[in-house]
Amino acid sequence: MSALAAEFDDVAGWTADAVERLGTAYAIPAACRGSANPATLAWLAEACGLSAGTRLLDVGAGLGGPAAWAAERFGVRPILLEPMPAAGRAAARLFGLPVLAADGARVPLRDGSVDAVWCLGVLDVVPDMAALLREIRRVLRPGGSLGLLVVVAQGRQVLPAPEGNAFPTRRELGDLLAATGFAVLRQIDRPDGTPPSWTRRAERVAAEVASRHRADRALALADRQSERFTRLFAAGQIVFRLVHAVGRPAPRPPLPPVKE
Ligand SMILES: C[S@@+](CC[C@H](N)C(=O)[O-])C[C@H]1O[C@@H](n2cnc3c(N)ncnc32)[C@H](O)[C@@H]1O
């Protein structure tokens with residue numbers, strides 16, 4: 001079993017089960033698994049100009065907490081895309097939102113068919129970041145916004161990374177966005193200050209999952225992933241970065257030579 005499947009599929013499914021036992025008030029905090037907090041989501045929503053009716057595609061949506069938050073607070077119409085089957089089923093069950101079971105590098109939507117895209121905590125776990133960003137660029141309407149939450153590397157990384165994760169530096173991320181057709185408008189470090197009521201609910205759900213699945217190998221693997229993250233953050237070797245970018249217009253083809 002891979003650590004990513006344990007973390008993103010098995011534990012995601014158990015998390016939805018735990019929310020169903022505890023109550024809907026627990027759903028959004030427990031279902032934000034890219035470490036988004038309300039301040040992060042608000043920054044991304046305001047930067048991307050989300051409003052009632054915005055078609056928001058969430059690529060690598062996981063359990064759907066961020067998209068559900070945007071629907072509740074901003075009235076957007078989310079579409080979730082998630083390749084892990086149990087996570088996608090759990091998101092549909094928890095929030096009743098439409099979920100595409102697909103890879104972010106092959107989005108089953110038409111060119112220019114969404115107003116905005118979020119992709120939170122996903123880039124560092126995909127083998128080909130450029131393929132995923134190019135595909136997002138394809139489905140985003142001209143002038144549409146991309147909101148990213150990315151774990152970026154700072155300096156030389158000496159501690160072991162969580163399995164299946166590779167962190168771009170700030171410069172690599174900027175180069176990657178430019179090469180895949182995006183212009184970065186604004187970027188900041190992720191705001192802290194998660195309200196205690198949010199943390200308490202997420203922790204209560206995690207404790208419920210642990211109490212039922214303590215003996216499961218998937219939980220041990222997922223815990224090892226988060227311990228490695230915690231050590232890298234504590235050592236200052238990685239940080240969360242928020243980015244607001246827009247698609248650059250495709251370059252015009254050269255004009256045919258003028259005939260005399
Ligand atoms: C850290 S979780 C973040 C989930 C969600 N965005 C959030 O913030 O709660 C990363 C997610 O990316 C998904 N993922 C991994 N590889 C992917 C790919 N190739 N395309 C789209 N999503 C992918 C995982 O299944 C997982 O749900």
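Counting starts at 1 for both ligands and their atoms, following the listed order.
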Seminar exercise, completed: One finds that the ligand 1 atoms under 4.0 Å from a non-hydrogen atom of Val126 are 16 (N), 17 (C), 18 (C), 19 (N)

Exercise. Are any of the N or O atoms of Leu81 closer than 3.5 Å to those of ligand 1?
Worked result: no

Exercise. Any luck finding a side-chain donor-acceptor pair between Asp223 and Ser226 under 3.5 Å?
Worked result: no

Problem set entry | Close approach, Gly65 and ligand 1, non-hydrogen under 4.0 angstrom | no

Exercise. Can Ala31 be said to touch ligand 1, with heavy atoms closer than 4.0 Å?
Worked result: yes

Exercise. Can you tell me the protein heavy atom closest to atom 14 (N) of ligand 1 and the distance?
Worked result: Pro83 CG, 3.9 Å

Exercise. Within the side chain of Arg138, is there an N or O that forms a donor-acceptor pair under 3.5 Å with the backbone of Leu109?
Worked result: yes

Exercise. Which residues satisfy the side-chain contact (heavy atoms from CB on, under 4.5 Å) test with Phe182, sequence neighbours excluded?
Worked result: Leu133, Ile136, Arg137, Leu140, Leu146, Leu177, Thr180, Ala245

Problem set entry | Note, Cys32 side chain near Thr40 side chain (heavy atom, < 4.5 Å) | no

Exercise. Just which atoms of ligand 1 are under 4.0 Å from any heavy atom in Met84?
Worked result: 25 (O)

For this session: Measure the distance from atom 24 (C) of ligand 1 to every protein heavy atom, then report the residue, atom name and distance (to 0.1 Å) of the closest one.
Result: Phe8 CD1, 3.5 Å

Seminar exercise, completed: Atoms of ligand 1 under 4.0 Å from any heavy atom of Val122, numbered from 1 in the order shown, are 12 (O), 22 (N), 23 (C)

Exercise. Quick one: CZ on Arg141 to CG on Asp115, what's the gap to the nearest 0.5 Å?
Worked result: 5.0 Å

Seminar exercise, completed: Gly104 heavy atoms within 4.0 Å reach ligand 1 at atoms 18 (C), 20 (N), 21 (C)

Seminar exercise, completed: Looking at Gly60, Ala30, Pro85, Ala61, the heavy atom closest to atom 22 (N) of ligand 1 belongs to Gly60

Seminar exercise, completed: atom 8 (O) of ligand 1 sits nearest the protein heavy atom Gly34 N, 3.1 Å

Seminar exercise, completed: The answer for which part of Leu120 has a heavy atom under 4.0 Å from ligand 1 is both

For this session: Looking only at distances, please establish whether an N/O atom of ligand 1 is found under 3.5 Å from an N/O atom of Asp58.
Result: no

Problem set entry | Heavy atom of Pro66, distance to ligand 1 below 4.0 Å | yes

For this session: Pull out every atom of ligand 1 sitting under 4.0 Å from any heavy atom of Glu82, numbered as shown with elements.
Result: 13 (C), 24 (C), 25 (O), 26 (C), 27 (O)

Problem set entry | Within-shell test, Cys32 vs ligand 1, heavy atom, strictly < 4.0 Å | yes

Exercise. Does any N or O in the side chain of Glu208 come within less than 3.5 Å of the main-chain N or O of Ala18, such that one atom is a donor and the other an acceptor?
Worked result: no

Problem set entry | Numbered atoms of ligand 1 (with element) below 4.0 Å of Val125, judged on heavy atoms | 15 (C)

Exercise. Between the main-chain N or O of Arg224 and the side-chain N or O of Arg228, is there a donor-acceptor pair closer than 3.5 Å?
Worked result: no

Exercise. Between Gln187 and Arg170, do the side chains contain an N or O donor and an N or O acceptor separated by less than 3.5 Å?
Worked result: no

Exercise. Just one of Arg212, Arg93, His213 clears the side chain to side chain donor-acceptor pair (under 3.5 Å) bar with Asp17, so which one?
Worked result: Arg93

Exercise. What residues, two or more places apart in sequence or in another chain, satisfy side-chain contact (heavy atoms from CB on, under 4.5 Å) together with Val122?
Worked result: Cys119, Val126

For this session: Number the atoms of ligand 1 from 1 as they appear, then name those within less than 4.0 Å of a heavy atom of Gly121, with their elements.
Result: 1 (C), 10 (C)

